[in-house]
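These notes concern the structure reproduced below.
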Amino acid sequence: QVQLVESGGGLVQAGGSLRLSCAYSGRTFSMGWFRQAPGKEREFVAALNWAGDRTYYVDSVKGRFTISRDNAKNEVSLQMNSLKPEDTAVYYCAAKSGTDYYRSSEYDHWGQGTQVTVSS
């Protein structure tokens, strides 16, 4: 079975940084991070392939967020710098089985989510 557990969320001031981690079990999937704010649809944030040599980002986080993985440790991370209040959301990691990195429907396994709150 596949299990994913996020950690690292919290409260930070605008301009600060947080690093989210996702520990997973099962085989090595392509992995992604999504986020959902109250009253908003879940949106794509970042993803990478199984080897970690191909990465994808939503335009709003390019240059600020970095996705990476360590397959030996079964861990995927999202380093978030220069955080903005609009980054406030519950962040989810997910394992992908489909072909489109940008669509949540292409991911079959999801973590429980971790809250990120950025104060202004």
Side-chain angles (χ1 to χ4, degrees):
Q1 64 180 18
V2 177
Q3 181 178 353
L4 302 91
V5 180
E6 301 100 332
S7 62
L11 174 64
V12 64
Q13 291 184 325
S17 298
L18 285 173
R19 185 173 187 268
L20 306 183
S21 295
C22 177
Y24 62 89
S25 62
R27 73 176 181 89
T28 302
F29 294 88
S30 295
M31 300 289 292
W33 287 92
F34 290 76
R35 65 188 180 188
Q36 187 167 25
K40 304 291 185 180
E41 297 295 319
R42 186 171 298 184
E43 70 168 340
F44 170 81
V45 177
L48 81 180
N49 68 343
W50 69 270
D53 59 355
R54 295 183 182 273
T55 59
Y56 309 85
Y57 299 94
V58 66
D59 286 345
S60 62
V61 309
K62 288 181 179 178
R64 299 190 297 121
F65 291 10
T66 302
I67 188 171
S68 62
R69 71 189 304 161
D70 186 338
N71 289 344
K73 297 181 179 180
N74 289 354
E75 183 178 282
V76 176
S77 298
L78 184 69
Q79 178 66 45
M80 306 185 295
N81 297 326
S82 301
L83 283 162
K84 305 174 180 180
E86 51 263 45
D87 294 319
T88 295
V90 177
Y91 284 70
Y92 300 88
C93 65
K96 172 179 168 294
S97 62
T99 60
D100 190 339
Y101 286 95
Y102 301 94
R103 295 182 177 180
S104 62
S105 61
E106 300 300 297
Y107 294 76
D108 290 335
H109 306 282
W110 295 81
Q112 82 287 354
T114 185
Q115 177 71 48
V116 172
T117 302
V118 184
S119 62
S120 60

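The closest side-chain donor-acceptor pair between Asp100 and Tyr107, if any, does not fall under 3.5 angstrom.
Using a distance-only test at 3.5 Å, with no hydrogens or angles considered, a donor-acceptor pair links the side chain of Ser25 to the main chain of Gln3. Judged by distance alone, with hydrogens and angles left aside, the side-chain atoms of Glu6 form a donor-acceptor pair with the main-chain N or O of Gln112 at under 3.5 Å.
We find the OG-CZ distance between Ser68 and Arg19 to be 5.5 Å, quoted to the nearest 0.5 Å.
Linking Ile, Leu, Val, Met, Phe, Trp and Tyr residues whenever their side-chain heavy atoms come within less than 4.5 Å places Tyr102 and Val61 in a single cluster.
Of the candidates Leu20, Asp87, Leu78, Val45 forms a side-chain contact (heavy atoms from CB on, under 4.5 Å) with just one, namely Leu78. Here the rule is side-chain contact (heavy atoms from CB on, under 4.5 Å) with Val116, and of Leu11, Thr88, Leu18, Val90 only Leu18 fits it. For the pairing with Phe34, the ring-ring contact (aromatic ring centres under 6.0 Å, His included) check across Tyr101, Trp110, Tyr91 returns one residue only, Trp110.
Of all heavy-atom pairs between Leu83 and Arg64, the closest is CA-NH1, 3.9 Å. Closest heavy-atom contact between Arg69 and Asn49: NH1-O, 2.8 Å.
Contact annotation: the side chain of Asp108 never approaches that of Phe29 to less than 4.5 Å [non-hydrogen atoms, C-beta and beyond].
In this structure, Arg42 satisfies the cation-pi test against Tyr92, with its NZ or CZ atom closer than 6.0 Å to the six-membered ring centre and inside 45 degrees of the ring normal.
In this structure, Trp33 has its ring center no closer than 6.0 Å to that of Phe44.
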